[in-house]
Amino acid sequence: MKNRTIIFFEISDYSLLRFPKRIAEEYCRNNLDVQFVFAYLYKYSQENINFKIFPKNSHFTYLRGNISKIDTIFLNYPQATVFTFALRPPEFYLVNSAKKMELKTIILQHGVLIPFMKRNVSYFVKEGKKMFFYFKSILLLSLKTKMSSLKCFREVFSIYILGSKKLSQSVFVKKLNVLPDSVYVYSKYWKDFFILNYGFSPNQFNCIGSPDLEIYDSIITQKREDAVCYICQTLVEDGRLSKRDFLLFINAFGNSLKPTHDLYLKLHPRSELELYQQLTKRKNTFLVKENTPNCTKYVGHYSTLISLPLNITANVFLWEFKGHEIPEYFSKATGYIGSSELELREFISNENEAPAFKEVLEYYFHYPGTRPFEEIYKLTEKQQIQS
């Protein structure tokens, strides 16, 4: 097969580690005549990324906050396939440019999504650099498409800040070519979600299963531990919840555990450990960064990773913060939702196994029987042959 190029775009270099790297590794298992270009808008400030862990035939481009530099990459690789993972102003500019150059564009669902997510003011202060790059992308998009910058800003503000307008209703979708050609989603539910909220057509979709279930088989074969696992979520780190409210939950969680209870903290890559001091000072608390343990009970909120524990056991307790309603794709898959210390303590002390919600999980988090990243490879190759 002739040499090909796949371009991945993410906002930060750190995000390249999640799906772009794993897609590239799947290609290397099947086809060595593919080179990869990883483009990112800014550098994650917390730690340096080790690019040596990516496939050898990889190239990295730091756009330094200027999304218009992606045009040069597209010119250098006129036959490339372009992968994106979100629908934001930088991706709008990127997809618009890629389509004008007749490049194939794909968006892969990068996690569970909601139409609108309220942020605290602290988020915009903390992420000032990222916000500046977003604003710059909006200006570039308005210049390129001859739309007024004010109109572009109003659209973005209505969609992402106020939540008063769906993307499918915006001028970006109605008047500009900013939606990728193909969409890879987890299941039928997410297909309907993308159509309703983003404006895609039904014939653009492929259901590839939930990538978070890729490790399900390896976990379920491990010996189950009589322990509690907490799925950490970046609610405070991402400005979605105040530190005070989160620490009140941590306090209730700690009070719900007996000294003899083993507790695993499944950390998010961006978890701030200082938030968990009350739990980490326990003798029987263990930190987990990579593999999710096979436990009798899990506690979480609405993290993408919750789909994995729900497939392991129905004993999953979802703590609901005020103003953070648990989405239906999680709430319908467990019988344990609450927001009080008493409810959490009763859940942890209960030794009964809850009934499974297999049909519900299949609808929201389809697992095709094959590895989702293998499905992505097969679909992309099939589309390449047909084009």
Side-chain angles (χ1 to χ4, degrees), residues 6-24 36-51 54 58-74 80 82-98 105-117 119-120 122-142 144 152-153 155-157 159-161 167 170 172 178-180 183-184 194 198 211 233-235 237-240 268-271 303-304:
I6 297 180
I7 299 172
F8 299 99
F9 171 76
E10 271 286 11
I11 294 295
S12 75
D13 54 349
Y14 196 88
S15 298
L16 296 173
L17 293 169
R18 181 159 164 77
F19 287 169
K21 175 176 175 289
R22 295 170 72 181
I23 295 172
F36 309 102
V37 177
F38 297 88
Y40 56 99
L41 204 57
Y42 83 108
K43 292 184 178 181
Y44 182 61
S45 59
Q46 300 300 317
E47 62 181 282
N48 293 322
I49 305 303
N50 179 14
F51 289 126
F54 285 75
S58 298
H59 311 277
F60 300 89
T61 300
Y62 175 28
L63 301 177
R64 301 183 181 278
N66 188 351
I67 190 61
S68 67
K69 291 184 178 180
I70 200 72
D71 294 340
T72 301
I73 297 176
F74 291 162
V82 182
F83 268 93
T84 62
F85 303 88
L87 293 162
R88 299 163 294 199
E91 283 87 359
F92 295 159
Y93 182 98
L94 178 146
V95 172
N96 184 272
S97 291
T105 54
I106 299 170
I107 182 171
L108 169 61
Q109 179 184 347
H110 74 284
V112 295
L113 306 167
I114 57 177
F116 171 66
M117 184 180 295
R119 307 274 190 177
N120 292 330
S122 60
Y123 171 80
F124 299 100
V125 175
K126 183 178 179 181
E127 298 290 343
K129 190 175 182 180
K130 183 193 292 187
M131 294 301 105
F132 174 75
F133 294 154
Y134 277 24
F135 292 149
K136 192 172 183 178
S137 298
I138 297 170
L139 288 174
L140 289 168
L141 190 62
S142 68
K144 183 176 182 180
C152 283
F153 276 108
E155 287 291 285
V156 171
F157 193 79
I159 298 166
Y160 298 102
I161 307 301
L167 180 59
S170 74
F172 298 120
V178 298
L179 296 181
V183 191
Y184 297 167
F194 271 67
Y198 304 139
Q233 190 170 347
T234 54
L235 296 171
E237 294 88 337
D238 287 345
R240 284 178 271 171
H268 186 280
R270 293 185 285 105
S271 292
S303 164
T304 298

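- Phe85 places a side-chain heavy atom less than 4.5 Å from the side chain of Pro20.
- Of the inter-residue distances, the one linking Ile6 atom CD1 with Ile23 atom CD1 reads 8.0 Å to the nearest 0.5 angstrom.
- A distance of 11.0 Å separates NZ of Lys136 from CD1 of Ile67, quoted to the nearest 0.5 Å.
- Put simply, CG on Asp71 and CG on Asn66 are 9.0 Å apart, with the number rounded to the nearest 0.5 Å.
- Contact between His110 and Ala86 at its shortest, heavy atoms only, is CE1-CB, 4.4 Å.
- Taking both residues in full, the closest heavy atoms of Thr234 and Ser271 are given as CG2-N, 4.5 Å, listed atom of the first, atom of the second, then distance.
- For Phe38, the ring pair (Phe, Tyr, Trp, His ring centres under 6.0 Å) partners are Phe8, Phe54, Phe60, not counting sequence neighbours.
- Here the side chains of Leu87 and Pro180 are in contact, with some heavy-atom distance below 4.5 Å.
- Taking 4.5 Å as the limit, every side-chain heavy atom of Pro89 sits out of range of all side-chain heavy atoms of Leu141.
- Between Phe9 and Phe83, the distance from one ring center to the other does not fall under 6.0 angstrom.
- The backbone N or O of Arg88 lies less than 3.5 Å from a partner atom in the side chain of Glu91, making a donor-acceptor pair.
- Side-chain contact between Gln233 and Arg240: present, with at least one pair of heavy atoms (C-beta onward) separated by less than 4.5 Å.
- Contacts of Phe36 classified as ring pair (Phe, Tyr, Trp, His ring centres under 6.0 Å), with partners at least two apart in sequence or in another chain: none.
- Nearest heavy atom pair, residue Thr61 against residue Val37, reads OG1-CG1, 4.3 Å.
- Of the inter-residue distances, the one linking Ser68 atom OG with Leu139 atom CG reads 11.5 Å to the nearest 0.5 angstrom.
- Phe172 has its side chain within reach of Val156: a pair of non-hydrogen atoms, C-beta onward, lies under 4.5 Å apart.
- Remark: side-chain polar atoms of Glu10 are not paired, donor with acceptor, to backbone N or O of Leu16 under 3.5 angstrom.
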Hey, mind stepping through Phe51 and Asp13 against side-chain contact (heavy atoms from CB on, under 4.5 Å) and telling me if it holds? CA-CA 9 Å; Phe51 289 126; Asp13 54 349; 4.2 Å; yes
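- Listed here is the closest heavy atom pair of Val112 and Thr304: N-OG1, 3.2 Å.
- Aromatic rings from Tyr40 and Tyr14 are positioned such that their centres are separated by 6.0 Å or more.
- Side-chain contact check for Phe92 versus Ile138: every heavy-atom pair is 4.5 Å or farther apart.
- If you take CZ on Phe194 and CD on Gln109, they are separated by 5.0 Å, rounding to the nearest 0.5 Å.
- Between Asn96 atom CG and Thr105 atom OG1 the span is 10.5 Å, to the nearest 0.5 Å.
- Between the Ser12 side chain and the Tyr42 main chain, no donor and acceptor come within less than 3.5 Å of each other.
- Leu94 and Val82 make their closest contact through CD2-CG1, 3.8 Å (heavy atoms, listed as atom of the first residue, atom of the second, distance).
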